[in-house]
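Each chain gets a letter, A, B and so on, in the order the sequences are listed, and its residues count up from 1.
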Amino acid sequence: MEKILFNKVVEGLKHLYDADVNLKQIQIQQTRKEFAGDLTVVVFPFLKASKKGPEQTAEDLGAYIQENTNEVKAFNVVKGFLNFSISADYWIEVFNKISLTNNYGHSVGSSKTVMVEYCSPNTNKPLHLGHLRNNFLGFSVANILKANGYKVIKTQIINDRGIHICKSMIAWQKFGEGETPESSGLKGDHLVGKYYVEFDKAYKVEIADLIDGGMDKAEAEKEAPIFKEAQLMLLKWEEGDEKIRALWKKMNTWVYSGLDVSYETMGVDFDELYYESDTYLLGKDVVEDGLAKKEFYQKEDGSVWADLSHTKLDDKILLRSDGTSVYMTQDIGTAIERYKKHTDLSGLIYTVGNEQNHHFKVLFTILEKLGYKWAEGCYHLSYGMIELPEGKMKSREGTVVDADDLMEMIVADAKEMTQERGHLDGMNENEREELYSTIGLGGLKYFLLKVDPKKGMVFNPAESIDLNGNTGPFIQYAHARIQSLLKKAEELGFSKEYSDVEINAKEQEVIKLMNNYPSVIKEAGIAYSPAIIANYIYDLVKEFNNFYQTVSILKEEDKQKVAFRLCLSEQIGVIVKSSMLLLGVNVPDKM
RNA sequence: GGGCUCGUAGCUCAGUUGGAUAGAGCACCUCCCUUCUAAGGAGGCGGUCAAAGGUUCGAAUCCUUUCGGGCUCACCA
């Protein structure tokens, strides 16, 4: 419809004023709800051509377009805004098309492949609240890109080596007394995390002792025996010391089985895994090669640097003076590796917090400098930190919100709420438990995804999650109502066949929103933003609730209207379900 | 100090490439279940869009400055 109107505006201006307006000046937008009409043309840009005031120009143009366009039923003018009302028949036609479309809103096959990386945990501790935002975001963006026709490879790089792992290992050796997940009943990742904390405790005591002995703080931090042990262990690990490797392997295996449980609960998965222990040496040869080709330079001490003076970025070290690599080096190597492995890759999306904005800017700049054209397809999906009401989460101060604990808590809340007001009749115990988790996790996911990813957000675990208002359960509830309605209609033998029907204003509003779904998916794909989807669903459901509450569906006497309203409700249910799945949220049929 | 970024109702957030009287939810106050699921709906209260300038028919949105947060600029990962 926008296109039709657009062309008519061009045509009208030509006819009325013999004017060729810059096409970019034609703005067609959806009419705001407080005004009559469906679509609005802003006429201010045409005043020069018409040499008339805004009202008169709008009147002229409106009259011409109504005269020459079948779908336009009426128009009105408010200041420089020309509002058109589109005929109900047009909207019914729109709805009919939507009903007949499979996978409505999804695009098919651009045949491009993109890789989406998210989660990428360290293996020395369990996941926390920040990881939840990361995982939900990455998983949802992957879904959204699929809906936009891309082939998507979901991946993560598991940071399974380094000094942090050794800290857990040392502490376990010293204080663990052979404790295992089986013996302690702890989830593997939590067990290993426990020893990471134990390390820190012992480390602090040693530092304090050294400071008491007259050492300054910085030196004490380096000289503490337990820290030196960890460093030594890392060296041995790199040398391939068998005992160390065996311990490392054992503890990582515990962590993986723990993480798998978390992923299962979160409802996320991966197509391809990378391990840092395999990739941490990558990139060195590329850097050495680049040095030979004078793409990088070497300082007198032997360290190798990328010259980034052509940008606003500072130069970046790539190899230390002892020849070992830094984080950036392996990121360069890993990116190259991925494009080698997947020759059809057209994009690589890193879901990583915004504290690494600078890192990725530098990474992409270096890749471009090295002449990799695909570097422009790399994108840092940067998201803001989650803060607690009392401020930032600090692992040192023990204010980190554990992911498993939080999910368990939220599901427990959902259980309580659901038992209070839910429709649980006829559900067995398994189905009930599944419902609690659908509602609890749905609420959590929606809560974390409805906010623009780029922005930081505040999360209050104590208040848990509102289940009223703009929330996951609000939307799930609407879906359950629709299914219940359809079921009842079927039981009562109502037909869903209609041929000639009149629709009211509410129904038309809902159809207009449904009509936007495909462009919302596109927009969300371009912006890598599940929040756009979430806000859209909310608007749609609010509109539906309004409709549902004001008109009676099954008590309507006109059978045509009943049939149409059932179809309308059914289609809304389809869109709600499909869009919520893009967020990784399931919707129940009963709740 | 340099770079990036944010500041919208008491709180949590929307606000498309600049467009109409800045919108939701929570909280607070009214109403609406003998009617398809009240986890719902209708209404009320609540704003100097951090501040000041500028650009123009028009600015929460673009530019400049100021104030106030955050991140970052390691031979750490």
Side-chain angles (χ1 to χ4, degrees), chain A residues 24 27 29-35 40 42 44-45 47-48 54 78-81 83 122 159 161-164 276 280 299 301-305 311-314 316-327 330 353-359 361-362 382 384-385 387 389 392 414 417-418 420-423 439 443 447 450-452 454-460 463 466-478 480-489 492 519 523 527 531-532 534-535 538-539 541-542 545-556 565-566 569 590-591:
Chain A
K24 283 188 76 175
Q27 296 177 52
Q29 46 194 258
Q30 306 197 356
T31 305
R32 298 181 55 151
K33 288 188 83 176
E34 56 267 39
F35 300 96
T40 294
V42 184
F44 291 109
L47 300 186
K48 276 180 192 154
V78 182
K79 296 190 209 170
F81 297 90
N83 304 320
N122 289 350
N159 300 298
R161 53 129 247 145
I163 190 73
H164 48 290
E276 196 197 348
Y280 79 108
K299 288 192 177 175
D301 61 8
S303 57
V304 178
W305 295 71
T311 67
K312 280 183 175 175
L313 304 164
D314 294 326
K316 176 69 194 174
I317 187 164
L318 297 174
L319 290 178
R320 298 186 186 103
S321 49
D322 64 3
T324 55
S325 53
V326 294
Y327 200 58
Q330 47 172 308
N354 64 6
E355 76 269 11
Q356 295 202 34
N357 284 354
H358 182 260
H359 174 84
K361 231 183 257 181
V362 172
S382 163
M385 296 291 103
E387 276 190 36
K392 290 184 62 181
M417 302 280 283
T418 306
E420 230 170 77
R421 35 184 142 169
H423 300 72
I439 293 174
F447 184 88
K450 77 174 176 188
V451 179
D452 181 347
K454 286 194 283 293
K455 293 194 177 175
M457 64 188 296
V458 178
F459 181 80
N460 189 342
E463 286 178 9
D466 263 324
L467 299 176
N468 304 308
N470 185 359
T471 65
F474 170 89
I475 291 160
Q476 291 171 323
Y477 182 67
R481 268 176 152 181
I482 289 172
Q483 302 318 314
S484 161
L485 170 72
L486 294 173
K487 199 176 156 204
K488 184 155 259 173
L492 296 175
S519 61
E523 204 187 327
I532 292 174
N535 287 317
Y538 179 60
D539 286 338
V541 164
K542 251 200 326 187
N545 280 343
N546 188 304
F547 155 74
Y548 177 87
Q549 204 98 179
T550 29
V551 306
S552 176
I553 296 175
L554 298 181
K555 296 216 165 149
E556 168 63 46
R565 286 171 187 174
L566 287 173
S569 304
K590 277 175 82 173
M591 70 184 275

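- As rounded to the nearest Å, rC6(B) and rU17(B) have P atoms that lie 14 Å from one another.
- For Gln356(A), the side-chain atoms get nearest to rA77(B) when compared with the rest of rA14(B), rA20(B), rA77(B).
- Here the C1' atom of nucleotide rU72(B) and the CE atom of Met385(A) are 12 Å apart, to the nearest Å.
- Nucleotide rC4(B) holds its P atom 12 Å from the CG atom of Asn357(A), rounded to whole Å.
- Look at CG on Asn460(A): it is 10 Å from P on rU12(B), rounded to the nearest Å.
- Contact annotation for His358(A): backbone-only contact, meaning every heavy-atom pair under 4.0 Å involves sugar-phosphate atoms and none involves a base.
- In this pair, Phe81(A) and Phe44(A) present their aromatic rings perpendicular. The plane angle is above 60°, beyond the 30 to 60° band.
- Using atom C1' as the reference point in both rC62(B) and rU21(B), the two lie 23 Å apart (nearest Å).
- When both distances must be under 3.5 Å, the Watson-Crick or G-U wobble mate of rG46(B) does not exist.
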All N/O contacts under 3.5 Å from nucleotides 40-47 of chain B to the protein, with atom names and distances to one decimal?
| residue | atom | partner | partner atom | Å |
| --- | --- | --- | --- | --- |
| rG40(B) | OP1 | Gly469(A) | N | 3.3 |
| rG40(B) | OP2 | Asn468(A) | OD1 | 3.4 |
| rG40(B) | O3' | Asn545(A) | ND2 | 3.3 |
| rG40(B) | O2' | Arg481(A) | NH1 | 3.1 |
| rG40(B) | O2' | Arg481(A) | NH2 | 3.3 |
| rG40(B) | O2' | Gln549(A) | NE2 | 3.1 |
| rG40(B) | N2 | Gln549(A) | OE1 | 2.8 |
| rG40(B) | N3 | Gln549(A) | OE1 | 3.1 |
| rA42(B) | OP1 | Asn546(A) | ND2 | 3.0 |

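- The pairing partner recorded for rA38(B) is none, the criterion being a Watson-Crick or G-U wobble arrangement whose two distances lie under 3.5 angstrom.
- The gap from the C1' atom of rG18(B) to that of rC76(B) amounts to 45 Å, rounded to the nearest Å.
- Ring geometry for Phe459(A) against Phe447(A) counts as perpendicular: the plane angle is over 60°, on a 0 to 90° scale with 30° as the lower cut.
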Using a cut-off of under 3.5 Å, enumerate the N/O to N/O pairs linking the protein to nucleotides 54-65 of chain B.
none

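- Separating the OH atom of Tyr538(A) from the C1' atom of rA14(B) is a distance of 10 Å, rounded to the nearest angstrom.
- Taking atom NZ of Lys316(A) as the reference point, atom P of rU72(B) lies 13 Å away to the nearest angstrom.
- Pair assignment for rC26(B): rG10(B), on the basis of Watson-Crick or G-U wobble contacts that are both within less than 3.5 Å.
- Pairing of rU64(B), defined by two Watson-Crick or G-U wobble distances under 3.5 Å, is identified with rA52(B).
- A heavy atom lying under 4.0 Å from RNA chain B marks the following residues of residues 482-489 of chain A, by number: Ser484(A), Leu485(A), Lys488(A).
- Nucleotide rG19(B) forms a pair with rC57(B), judged by Watson-Crick or G-U wobble geometry with both contacts under 3.5 Å.
- The distance from atom CD of Gln29(A) to atom C1' of rG15(B) is 13 Å, rounded to the nearest whole Å.
- As judged by a 4.0 angstrom heavy-atom cut-off over every strand, Thr40(A) is placed among the base-contacting residues.
- Atoms NZ (Lys450(A)) and P (rC26(B)) sit 10 Å apart, rounded to a whole Å.
- Here the side chain of Met417(A) is nearest to one of rA39(B), rU37(B), rA77(B), namely rA39(B).
- Partner assigned to rC4(B) is rG70(B), using Watson-Crick or G-U wobble distances below 3.5 angstrom.
- The shortest distance between the side-chain N/O atoms of Lys79(A) and the OP1/OP2 oxygens of rU21(B) is below 4.0 Å.
- Comparing the same atom, C1', in rA52(B) and in rA60(B) gives a spacing of 16 Å after rounding to whole Å.
- Rounded to whole Å, the distance from NZ on Lys590(A) to P on rU37(B) is 11 Å.
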